[in-house]
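Below is one structure, written out as structure tokens; comments come after it.
Order of the sequence lines sets the chain letters (A, B, ...), proteins ahead of strands, with each chain counted from 1.
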There are 2 protein chains.
Amino acid sequence: MKNKIKQLRGERGWSQAVLAEKLDVSRQSVNAIETGRYDPSLPLAFRIARIFGVPIEAVFDDGDGA
Amino acid sequence: MKNKIKQLRGERGWSQAVLAEKLDVSRQSVNAIETGRYDPSLPLAFRIARIFGVPIEAVFDDGDGA
DNA sequence: CATTTCTGTAAAGCAACCTTTACATATATC
DNA sequence: GATATATGTAAAGGTTGCTTTACAGAAATG
């Protein structure tokens, strides 16, 4: 599952640590999700999308079926 | 995390077993998600939304922050 | 060059998701 | 009443998500 977290985060000038704090998760979780090591849970995906102010589909992309 | 799977499924006349087959998961998983015992993974949430032809936010609702 | 900030990754452990097998109940149709 | 379909739930086990602690390299700043 691809995502645009790095891009959205960069546009706002937030470090991984800052985003992690806003999301109430560890910095390692942000890094792991951003680098594609694993996908976030659905509740966390909602928080991520809401913090960036966009729909979930604007952050995550399963190509066509992952 | 609340969801409208039961409603969307009912509108289409699909049983839990039929939906499970379309999603490629077990019937028990569909039941557990539908009855709120746990949330689907993000990839599964994408498949669910796509099968119903609606955005993820139209199926799932975390109230305001779960 | 020294220090700080940011990022990437690893290991160990707990919690959540999802599976298979199995049983119980309800409703419908014969 | 018997059979079939639909739903709800449980237990055990594997996989994935997320944590804490820890180390290392890259990039900025003094």
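One finds no salt bridge joining Asp62(A) and Lys2(A) here, because no Lys/Arg side-chain nitrogen approaches an Asp/Glu carboxylate oxygen to under 4.0 Å.
Side-chain contact between Met1(A) and Phe46(B) is present, with at least one heavy-atom pair separated by less than 4.5 Å. Using a 4.5 Å heavy-atom cutoff, the side chains of Ile48(B) and Leu23(B) are in contact. Residues Val59(B) and Ile5(B) have side chains in contact (heavy-atom distance under 4.5 Å, counting atoms from C-beta outward). Within the 4.5 Å cutoff, the side chain of Ile33(A) has heavy atoms near those of the Leu44(A) side chain.
One end of the helix from dC1(C)-dG30(D) to dC30(C)-dG1(D) points its axis 30° away from the other end's axis, with each axis taken from 5 pairs and the angle rounded to 10°.
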Dump every N/O contact between nucleotides 12-19 of chain C and the protein below 3.5 Å, one line per pair.
residue : atom : partner  : partner atom : Å
dC17(C) : OP1  : Asp39(B) : N            : 3.4
dC17(C) : OP1  : Asp39(B) : O            : 3.3
dC17(C) : O5'  : Asp39(B) : O            : 3.3
dC18(C) : OP1  : Ser41(B) : N            : 3.0
dC18(C) : OP1  : Ser41(B) : OG           : 2.7
dC18(C) : OP2  : Ser41(B) : N            : 3.3
dT19(C) : OP1  : Ser26(B) : N            : 3.3
dT19(C) : OP2  : Ser26(B) : N            : 3.0
dT19(C) : OP2  : Ser26(B) : OG           : 2.9
dT19(C) : OP2  : Ser29(B) : OG           : 2.1

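Here the side chain of Glu57(A) pairs a donor or acceptor atom with the backbone of Ile56(B) at under 3.5 angstrom. Using a distance-only test at 3.5 Å, with no hydrogens or angles considered, no donor-acceptor pair links the side chain of Gln16(A) to the main chain of Gln28(A). Put simply, the side chain of Arg9(A) never gets that close to the backbone of Glu34(A): no donor and acceptor are under 3.5 Å apart. In terms of modelled atom types and a separation under 3.5 Å, the side chain of Ser29(A) and the main chain of Val25(A) share no donor-acceptor contact.
Annotation: proximity of residues 7-22 of chain A to DNA chain D (heavy atom, distance under 4.0 Å) is found for no residue.
Between Asn31(A) atom CG and dT19(D) atom P there is a gap of 12 Å when expressed in whole angstrom units.
Here Lys6(B) reaches the OP1 or OP2 of dG8(D): one of its side-chain N or O atoms lies under 4.0 Å away.
Between atom CD of residue Glu11(A) and atom NZ of residue Lys6(A) there is a gap of 13.5 Å, rounded to the nearest 0.5 Å.
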